[in-house]
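Here the structure comes first, spelled out in structure tokens, and everything after it is commentary.
Numbers restart at 1 for each chain; the letters A, B, ... are given by sequence-line order, proteins then strands. In this text, all values refer to a predicted model and were calculated from it rather than measured experimentally.
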Amino acid sequence: MPPKKAPGKQATLGSFFAMPAGVKPPVPVKEEKVASSPAIEAGSSPVTEKKEEDVEVAEVKKDDDVKMSDAESDVEPSKKTTKRKVVDSSSESETATPKSPKTKRTKSPPKKQAKTTKRSIIETTNDSIDSAISVSKAAAKEDAATPEAESEVSDKEADVPDAVAKKAAEEIKAFKPAEKTKDWEKEGVPYAALCATFEKIESTTKRLEILSYTSKFFRTVIAASPGSLLQVVYLTINRIAPDYEGVELGIGEGLLIKAISEATGRSIAQVKQDYQETGDLGTVAQRSKGMQPTMFKPKPLTVPSVFSNLKEIATTSGQSSQAKKIGIIKKLLSSCQGNEAKYLIRSLEGKLRIRLAEKTVLTALAQAVVASEADKKGKIAKTEDIVQGEDTLKTVFSNLPSYDIIVPELLNNGVNGLGDRCTLTPGVPLKPMLAKPTKAITEVLDRFENQKFTCEYKYDGERAQIHLTPDGKSKVYSRNSEDMSGRYPDIVSRLERVVNDATKSFVLDCEAVAWDIQEKKILPFQVLSTRKRKDVQEADVKIKVCVFAFDLLYLNGESLLTKSLSERRTKMHEAFQEVEGEFLFAKWMDGQSIEEIQFFLDESVKDSCEGLMVKMLEGPESGYEPSKRSRNWLKIKKDYLAGVGDSLDLVVLGAYHGRGKRTNVYGAFLLGCYNPEAEQWESICKVGTGFSEEDLENHHKVLKEHVIVKPKGYYSVADSGPNKPDVWFEPRVVWELLTADLSLSPTYKAAIGMVNAEKGISLRFPRYLRVRDDKKPEEATTSEQVAEMYRAQASTQKASGGGAGGVDDDFEY
DNA sequence: CGGGATTCACG
DNA sequence: ATCGTTA
DNA sequence: TAACGATAGTGAATCCCG
């Protein structure tokens, strides 16, 4: 059944702005004791406030020499933490902290040393931030209380629920919105408070600490300004609306650099230079601001104001929209203080990069809500309640991934019974279940020993979650919950032909695959990707698709997630009927022997599939687990199997500066194959994955000796565009790469003219394997070999297509 | 109308 | 996709 | 070992700027 609030689009959009003002006072929640189950405390993650304190205590003890001086003065926390391997000497002078953790990580130092240093940084940073933003009196009390509590804790640790509960009680009682948070209710949460939390989080790599900082901050927000909670959550996961609403900022690196440049009066070249050195635009913005003389102190930013500005950026379109967006960013930047610029820019980049993402945010939110509920009743949150809350919230969110619905529901009615109020609803996409990759059939047999399992073809197309609501509306969602109905009007309209009479509402998990009507065959993914994206009219659909259905998650008002796969599959077959070339059930086979699987795998490859999915068939473990990469679904991909995957030896022609943790090394490389006839190297792909951090350092060391100012005359590469490397190399180094597939490319030059007059060949999913010291650059894979690999692949895809002739046909759409 | 920037799909 | 860190 | 987050790829469509 639908949740109380309809998951409609317009309603949620508007509600953001209304939220801070129209806060409903939290409703007292009915007391409900959860039977304590012994399984839980033995279990995985009973993270309570209690335990987190333990961590902090331990650290304080170890680092007696922690510098506290900053904590007293109202210093901007940023001063210290901004400094990130910075060259600019002028801004260095006032700080004492030696290094940032980030710099160290990229250097891969001896681990023990790193840890010690990191700890002391954590402590100083946290203290100074706490005081700087004065989160609440509670924070101060916590700190004060810590030393006494310590002995209790470390002694009994293992099983003293009483002591634990006692400590938790103290903490929760101590936790009150202090005077300084009083105006949070009026103005909304200060953006500085959120950024201070980000700063703390960024300062550690410990997941429990990250979780703790997040949940404490959420508790503060719930207590002081619940109306900001939804926006705080959105800013923390760095989004502005549910995925399926399709609200995008439309801001990328280029515009951001322009905005920073304009806002700080520095040249674009300077900003780019800094970006290359720091690997982080946020830091660049903050530093650039620091170099400007500040005339007067701007009005502090608040979470609601930042959030509504982001929304505004997202909804701005049309002529000179880019200028308008830049204008908004400049205005925001001018109001930023301390570290706010850093996180504002990172938000706009779409990457907070503080090791905090959705899963952890959900856990923290659950903890905070449970703790706050108990707090309101003057009680103590029990560990079981917290663990259960985390569980409930995660499940609920998987089924109904909308903070717009869940957060108000949590605030009004708490986490108890949330699972009944917010359920899987046709019309709201749920997170698809994912499969674990395996490398061999034996691995599959090991996993499913003595269990019933089934095999299905793994189709090479696009995941499509098809919904039909009881009022007869249908939608198609992508793997990432984007609304694709406008891209697939043909799928929407064919539903009536495939749905049986008794089927009134459903959620169906499928793969949409490009379909050759003449040959009645599957076409490669590259064909599918040439389909128009927006406002497709059914009449002018050029690329036909066939839907392959493989799972049914909801039928006629009932969620089937907890049913076994065999039951779901039976219901699916009853509820739908196949129509050739339009709607088919994924081909499956229930055989359990290695021979049967091997045979089926070979068949799937012959039938233009990527390999197999192998799934638990019976019992509770065969339930559908949204968003989980579960061991109950495995995939066997053909290119992982011996002999089917392709390996090439390629020459490194150029490289791109790394970012984030790859600052100061090359982050990606341009590779080429060799054409002995033309005596030239031809670009074939970029590669940026498969390297260990050590590899990257070594490659940087070796390759920087071969840097040349411009490409050799005997390099055949695209003359411009984003593929142009930041640095070029002499042709010296040869690497072995793995790839899944080869594709015809408009940008790369490899084997150009050999299978297609204008297009070269590139690699799909290239990954670095190892150095080939034993090969000279002239011994690299040749263009002719590349062309041959492409032809071989094309002939399997086209079956009897007849070699090169058929190759071009595949792509003449 | 071409090219740059952005977003999205796949892995 | 792969890798590294944490638990 | 699993979970999670951070780093990367090609290619196409689409939007906006000049």
Handout entry: Residue pair A:Tyr488 / A:Glu462, side-chain donor-acceptor N/O under 3.5 Å
Key = yes

Handout entry: Gap separating the CE atom of A:Met789 from the SG atom of A:Cys673, nearest 0.5 angstrom
Key = 10.5 Å

Exercise for the section: Using a strict cut-off of less than 4.0 Å between a Lys/Arg side-chain nitrogen and an Asp/Glu carboxylate oxygen, indicate whether A:Arg353 and A:Asp280 qualify as a salt bridge. Expected result: yes

Practice task
Figure out the CG/C1' separation between A:Leu769 and C:dC3, and round it to whole Å.
Solution key: 14 Å

Problem - Between C1' of D:dT10 and NZ of A:Lys749, the distance in whole Å - result: 16 Å

Handout entry: Positive for ring-ring contact (aromatic ring centres under 6.0 Å, His included) with A:Tyr768, one of A:Tyr666, A:Trp735, A:Phe669
Key = A:Trp735

Exercise for the section: Quick one: label A:Ile354 by what it contacts on the DNA or RNA (base, sugar-phosphate, nothing), any heavy atom closer than 4.0 Å. Expected result: sugar-phosphate

Practice task
Check whether any side-chain N or O of A:Thr360 sits under 4.0 Å from OP1 or OP2 of D:dG5, and answer yes or no.
Solution key: yes

Completion exercise
Between CD of A:Glu349 and P of B:dT7 the distance, given in whole Å, is 11 Å

Problem - Residue-phosphate contact under 4.0 Å: A:Asn480 side-chain N/O, B:dC8 OP1/OP2 - result: no

Completion exercise
Given protein heavy atoms under 4.0 Å, the one-letter contact record of nucleotides 11-17 of chain D, with B base, S sugar-phosphate only and - none, is simply SBBSSSS

Practice task
Report the nucleotide, chosen from D:dA2, D:dG9, D:dG5, that has the shortest atom-to-atom distance to any side-chain atom of A:Lys686.
Solution key: D:dG9

Handout entry: Donor-acceptor pair, side chain of A:Thr781 and main chain of A:Asp649, under 3.5 angstrom
Key = yes

Exercise for the section: Please work out whether the ring planes of A:Trp515 and A:Phe548 are parallel, tilted or perpendicular, with thresholds of 30° and 60°. Expected result: tilted

Practice task
Check whether any side-chain nitrogen or oxygen of A:Arg479 sits under 4.0 Å from OP1 or OP2 of B:dC8, and answer yes or no.
Solution key: no

Practice task
Establish, with yes or no, whether the OP1 or OP2 oxygen of B:dG11 is under 4.0 angstrom from a side-chain nitrogen or oxygen of A:Lys458.
Solution key: yes

Exercise for the section: Between C:dT2, C:dA7, D:dG5, spot the one nearest the side chain of A:Thr689, thanks. Expected result: C:dT2

Completion exercise
Against the side chain of A:Lys359, the closest entry in D:dA8, D:dC4, C:dA7 is D:dC4

Exercise for the section: Write down the distance between CZ (A:Arg355) and C1' (D:dC4), rounded to a whole number of angstrom. Expected result: 12 Å

Exercise for the section: Have a look at A:Phe765 and say if it touches a base, only the backbone sugar-phosphate, or nothing, with a 4.0 Å heavy-atom cut-off. Expected result: base

Exercise for the section: With heavy atoms under 4.0 Å as the rule, sort A:Lys325 into base, sugar-phosphate or nothing. Expected result: nothing

Completion exercise
Taken to the nearest whole Å, CZ/A:Arg764 to C1'/C:dA1 is 11 Å

Problem - Short side-chain to backbone donor-acceptor contact, A:Thr663 and A:Gly660, under 3.5 Å - result: yes

Fill in the blank from the handout: To the nearest angstrom, the CG-P distance between A:Leu737 and C:dA1 comes to 16 Å

Practice task
Could you state the atom-to-atom distance from NE2 of A:His699 to C1' of D:dA8 in whole Å?
Solution key: 14 Å

Handout entry: A:Cys685 side chain, from C-beta outward: closest of C:dA7, D:dT10, D:dG5
Key = D:dT10

Handout entry: Any A:Arg767 side-chain N or O less than 4.0 Å from OP1/OP2 of C:dT2
Key = yes

Practice task
Assign A:Leu528 to base, sugar-phosphate, or nothing according to its heavy-atom contacts below 4.0 angstrom with the strands shown.
Solution key: nothing

Handout entry: Minimum-distance nucleotide to A:Arg207 side chain [options: D:dT7, C:dC3, C:dT5]
Key = C:dT5

Problem - Option from A:Asn756, A:Val755, A:Ile752 for which side chain to side chain contact (heavy atoms under 4.5 Å, CB included) with A:Ile761 holds - result: A:Val755

Completion exercise
A:Glu694 atom CD is separated from C:dT5 atom P, nearest whole Å, by 12 Å

